[in-house]
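So the structure is just underneath, and the comments pick up after that.
A quick note: this is a predicted structure, and the numbers were derived from the prediction, not measured. The first residue of the sequence shown is numbered 1, and numbering continues consecutively from there. What's counted below: heavy atoms across the whole structure, side chains too, no hydrogens, waters or symmetry copies.
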Amino acid sequence: MPTREIAKFRDDLAWLLRHVVGCLDGLTDAEINWRPPAKDANSLLVLATHTLGAAEDHVVRQLGGQDIARVRASEFTASGGAEPIRARLDDVTARVTEVLDGLDPTELDRERSTPGGSTSGREVLLWAVMHASQHHGVAQLTRDLVLGARTA
């Protein structure tokens, strides 16, 4: 059983992942693939794909030490329908939960090498939640823009 701290990170991250993917609900394929007319803006499908990839990288690879099949750059070219990303949500959530439920609490204090430099396991988890939270906000705004275009 995870500590309260680890369980809180796990639950917050799972909630964010569900809600980022949930921003696709009720939209057409064209709507989930639409990109706002702003430099480097992403579609809802790209946001969901990247948010899941990043969470899996932070928790499963960096904390859990497991290999994952991730090509970050391809996350930003994702296109198509919502069903594959919904299935991926279930897979990523299960893998993240398994790692965090089995994580030794001492791993939170252990320093590890990450792409951003040396950091603790706790900081990796905090970054995973913050990163997902940022993309959740952008996904909500992008969904609002999509829905607003329906009535324009």
Side-chain angles (χ1 to χ4, degrees), residues 2 5-64 66-101 103 108 112-152:
E5 181 182 22
I6 294 171
K8 178 71 173 143
F9 278 122
R10 179 202 63 210
D11 295 348
D12 287 351
L13 186 55
W15 186 93
L16 287 162
L17 297 177
R18 277 194 315 275
H19 284 84
V20 168
V21 174
C23 285
L24 307 176
D25 292 349
L27 302 179
T28 66
D29 286 358
E31 289 171 328
I32 68 171
N33 286 283
W34 174 80
R35 290 176 186 254
K39 185 179 181 324
D40 299 326
N42 292 303
S43 70
L44 286 167
L45 187 62
V46 164
L47 290 166
T49 301
H50 173 65
T51 303
L52 291 175
E56 185 178 36
D57 183 71
H58 288 114
V59 176
V60 177
R61 187 184 68 77
Q62 292 182 37
L63 285 177
Q66 299 175 24
D67 288 333
I68 63 169
R70 181 184 189 209
V71 179
R72 184 181 183 278
S74 71
E75 295 167 3
F76 296 96
T77 62
S79 64
E83 288 314 309
I85 203 67
R86 286 190 180 101
R88 180 140 166 70
L89 169 65
D90 292 339
D91 179 56
V92 170
T93 301
R95 294 185 78 198
V96 163
T97 298
E98 181 181 355
V99 167
L100 293 179
D101 284 355
L103 191 68
L108 294 180
R112 64 201 67 237
S113 180
T114 68
S118 181
T119 190
S120 71
R122 182 174 285 102
E123 290 168 322
V124 170
L125 269 178
L126 180 60
W127 179 248
V129 172
M130 288 184 347
H131 187 257
S133 181
Q134 290 169 340
H135 288 309
H136 177 243
V138 173
Q140 287 180 310
L141 178 59
T142 302
R143 180 181 172 84
D144 288 347
L145 292 170
V146 167
L147 293 175
R150 284 181 173 178
T151 60

Query - Expected output: side-chain R143 to main-chain C23 donor-acceptor under 3.5 Å - result: yes

Query raised in the report: Partners of S113 by side-chain hydrogen bond (donor to acceptor under 3.5 Å, both in side chains), sequence neighbours excluded?
Result: none

Query raised in the report: Does E123 use its side chain to pair, donor to acceptor, with the backbone of S120 at less than 3.5 Å?
Result: yes

Report summary line: dist E31:CD -> L145:CG (nearest 0.5 Å) comes out at 12.0 Å

Query raised in the report: Taking atom NE2 of H19 and atom CG of D25, what is their separation to the nearest 0.5 Å?
Result: 9.5 Å

Report task. Indicate yes or no: at least one non-hydrogen side-chain atom of N33 is less than 4.5 angstrom from one of S79. Result -> yes

Requested in this report: Using distance alone, with no hydrogens and no angle criterion, decide if H131 and H136 have a side-chain donor and acceptor under 3.5 Å apart.
Outcome: no

Query raised in the report: Closest approach of L63 and L125, non-hydrogen atoms and distance?
Result: CD1-CG, 3.4 Å

Query raised in the report: Checking side chain to side chain contact (heavy atoms under 4.5 Å, CB included) against L24, which of I32, D29, L47 comes through?
Result: I32

Report task. Say whether, by atom type as modelled, one donor and one acceptor occur between the side chain of T51 and the main chain of A48 under 3.5 angstrom. Result -> no

Query raised in the report: So, for R35 and S43, which heavy atoms are closest and what is the spacing to 0.1 Å?
Result: CG-N, 3.6 Å

Query raised in the report: Roughly how far, to the nearest 0.5 Å, is CG of L44 from OG1 of T49?
Result: 10.5 Å

Query raised in the report: Okay, side chain of D12, backbone of V129: is any donor-acceptor separation there less than 3.5 Å?
Result: no

Query raised in the report: Roughly how far, to the nearest 0.5 Å, is CH2 of W34 from CG of N42?
Result: 11.5 Å

Requested in this report: Check each of R61, R95, E56 against Q66 using the side chain to side chain donor-acceptor pair (under 3.5 Å) test, and report the only one that passes.
Outcome: R95

**Report entry** Note, L89 side chain near V20 side chain (heavy atom, < 4.5 Å)
**Finding:** no

**Report entry** Side-chain donor/acceptor of T93 to backbone N/O of D90, under 3.5 Å
**Finding:** no

Query raised in the report: Taking C-beta and beyond as the side chain, do L103 and P2 meet within less than 4.5 Å on heavy atoms?
Result: no

Query raised in the report: What distance do R88 atom CZ and E83 atom CD have between them, rounded to the nearest 0.5 Å?
Result: 15.5 Å

**Report entry** Residue pair V71 / S74: nearest heavy atoms and the distance that separates them
**Finding:** O-OG, 2.7 Å

Report task. Locate the shortest heavy-atom distance separating I85 from L52; write the atom from each residue and the value. Result -> CD1-CD1, 3.6 Å

Query raised in the report: Heavy-atom distance under 4.5 Å between the side chains of L13 and R18, does that happen here?
Result: no

Query raised in the report: To the nearest 0.5 Å, how far apart are NE2 in H50 and CZ in F76?
Result: 4.0 Å

